[in-house]
Protein chains: 2
Amino acid sequence: MTGSGTTERRSRKDAARNREAVLAAADDLFTRCGSPEDVTMADVAAAAGVGKGTIFRAFGDRAGLLRALYEVRLEPIREAIEAGPPPLGPTAAPRDRVPALLDAVLCFKLDNRRLALALEEGGSGSPYRAEHYGRWHGLLQAVLEQIPGLPDSDFTAHALLAATRADLVEHLAGEERVPREKMRAQLADFTARLLACGPPRGVAAEE
Amino acid sequence: MTGSGTTERRSRKDAARNREAVLAAADDLFTRCGSPEDVTMADVAAAAGVGKGTIFRAFGDRAGLLRALYEVRLEPIREAIEAGPPPLGPTAAPRDRVPALLDAVLCFKLDNRRLALALEEGGSGSPYRAEHYGRWHGLLQAVLEQIPGLPDSDFTAHALLAATRADLVEHLAGEERVPREKMRAQLADFTARLLACGPPRGVAAEE
DNA sequence: TAGAATCCGGACTGTGGGTCCGTTTTGACG
DNA sequence: CGTCAAAACGGACCCACAGTCCGGATTCTA
């Protein structure tokens, strides 16, 4: 081990401290403010008690800051998906895991509306180029592929994820006042209807 | 009509001429350029041979210009939907009309990629607040409602439209090189799977 | 043709992301 | 503990772009 007691050896301790301060300040500002657009980098810098230069040095650009925040918030979910129990974890049956994954995405966006919004809107260029989207899509597609009789897993994964787009979620939750549980149920039902085809299964004409 | 030969009586003829010039120039620039972001209002003004003030006087702001362009391009489709023959027109059976509507939206976005992109991204705030989205959603929801056994027509309409989001279409067509016909088929199949529940229906698994 | 209303157009402003560099902090070494 | 170089700080600065303003040109009315 190195002599120092901190977690990393690479950055100076004031750098690490400021990085955390910025992260905390940004997190706070984004959850508090009405629209992500009116949180400027200067605001974040002021709230964190640092200069603008410090932020750009630590995160590269605005998108980098958003991404860093996103990773932090996403960590628990990611873990539950990679090594957790069913229905989210890898041991779940595909038919159960697909709706669980989508529900997790939806809940995440409901819990982090402003952040997700800022990430999808302001993220330089298309959200589909962001590598975190690629991860979600890849995973969902792989799971869909394991369900027999479902063609076009690639497009299907895109389409299902599109139903959880941050601005749609924001619109439904904010503008149309759809309660959380109702939205979850609607997404689950939508997914279920899609997966209902193919293999033997009751007609599912309930209600 | 009034004594003048032009369509309107309210605007001076140089105003009308400039309006058309701006519309044409913007249309041209948007289809030509790589990303809508790097078409500035000054560019449009220069290409149209007018001053910036003229554009803002005529269209209010950037979003207004986009909206005006959109309306022009959408006109034929709108007509086909309101008074055309099946499967797009109002006399079509709901089960046939839903996929036809979605296909029309998809084709429109394929034919006007940059414009649709600019409209959904840069359109001040959420695309869900734009009234043209409201029209699409309202229509689709109304048609979905007529299909027996389909719950949540409101959410379903949102989710289906989300599958035709401009940036997703752009990503698939541009980045992943999915050919037009394939994308149409995938969307049609996706829709068909959703509507497959309930009443008896052929499998419709054509290629 | 005179006069007034309307419109034109480009100089100007405000704002926010991103850069630069003189100054300060840190940590290693003697 | 004193010295020094590397790293980080921070806010003044730059630039690009949406949107505004007003002196001057154009068009309609009488």
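Every chain is numbered from 1 and lettered A, B, ... according to where its sequence line falls, protein lines coming before strand lines. Basis for what follows: all heavy atoms, side chains included, without hydrogens, waters or symmetry-related copies.
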Count the heavy atoms belonging to other residues, nucleotides or ligands that lie under 6.0 Å from CZ of R129(B), then report whether that count exceeds 12.
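No.
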
Taking for each residue the nucleotide of DNA chain D bearing the nearest heavy atom, is the 5' side occupied by K52(B) or by R17(B)?
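Comparing both residues, the 5'-ward one is K52(B).
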
Let me know, please, whether A16(A) or A63(B) comes out on the 5' side of the other along DNA chain D by nearest nucleotide.
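Looking at DNA chain D, the more 5' nearest nucleotide goes with A16(A).
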
What is the minimum heavy-atom distance between [X] and [Y], and which atoms define it?
X: R62(A); Y: T40(A); result: NH1-CA, 4.3 Å
X: D61(A); Y: M41(A); result: C-CE, 4.3 Å
X: L187(A); Y: A163(A); result: CD1-CB, 4.2 Å

Please step through salt bridge (Lys or Arg N to Asp or Glu O under 4.0 Å) for the pair E20(B) and R17(B), ending with a clear verdict.
CA-CA 5 Å; E20(B) 293 310 310; R17(B) 182 170 42 79; over 6 Å; no

Validation row: R78(A), R135(A) side chains within 4.5 angstrom (heavy atoms):
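Yes, their side chains come closer than 4.5 Å.
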
Heavy atoms, side chains only, cut-off 4.5 Å: are H171(B) and H158(A) in contact?
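Yes, at least one pair of side-chain atoms sits under 4.5 Å.
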
Reading DNA chain C from 5' onward, which residue's closest nucleotide shows up sooner: G60(A) or R19(B)?
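This one resolves to R19(B).
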
A15(B) or G53(A): which one's nearest nucleotide on DNA chain C is closer to the 5' end?
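Whichever sits nearer the 5' end wins; that is A15(B).
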
Distance check needed: [N] [atom2] versus [X] [atom1], whole Å only.
X: L66(A); N: dG17(C); atom1: CG; atom2: P; result: 11 Å
X: R57(A); N: dT26(C); atom1: CZ; atom2: P; result: 15 Å
X: N18(A); N: dT26(C); atom1: CG; atom2: P; result: 10 Å
X: R62(A); N: dG18(C); atom1: CZ; atom2: P; result: 8 Å
X: D14(B); N: dT6(C); atom1: CG; atom2: P; result: 13 Å

Which residues, if any, of residues 23-51 of chain B bring a heavy atom under 4.0 Å of DNA chain C?
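Contacts with DNA chain C under 4.0 Å: G49(B), V50(B), G51(B).
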
E120(A) (side chain) donor-acceptor with A166(A) (main chain) under 3.5 angstrom:
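Confirmed, E120(A) side chain pairs with A166(A) backbone.
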
Test: K182(A) and D152(B) ion pair at under 4.0 Å:
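Not counted as a salt bridge, because no side-chain N and carboxylate O are separated by less than 4.0 Å.
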
For DNA chain D, note the earliest and the latest nucleotide, 5' to 3', having some atom under 4.0 Å of a heavy atom belonging to chain A.
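Nucleotide range with atoms under 4.0 Å of chain A: dA6(D) to dG11(D).
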
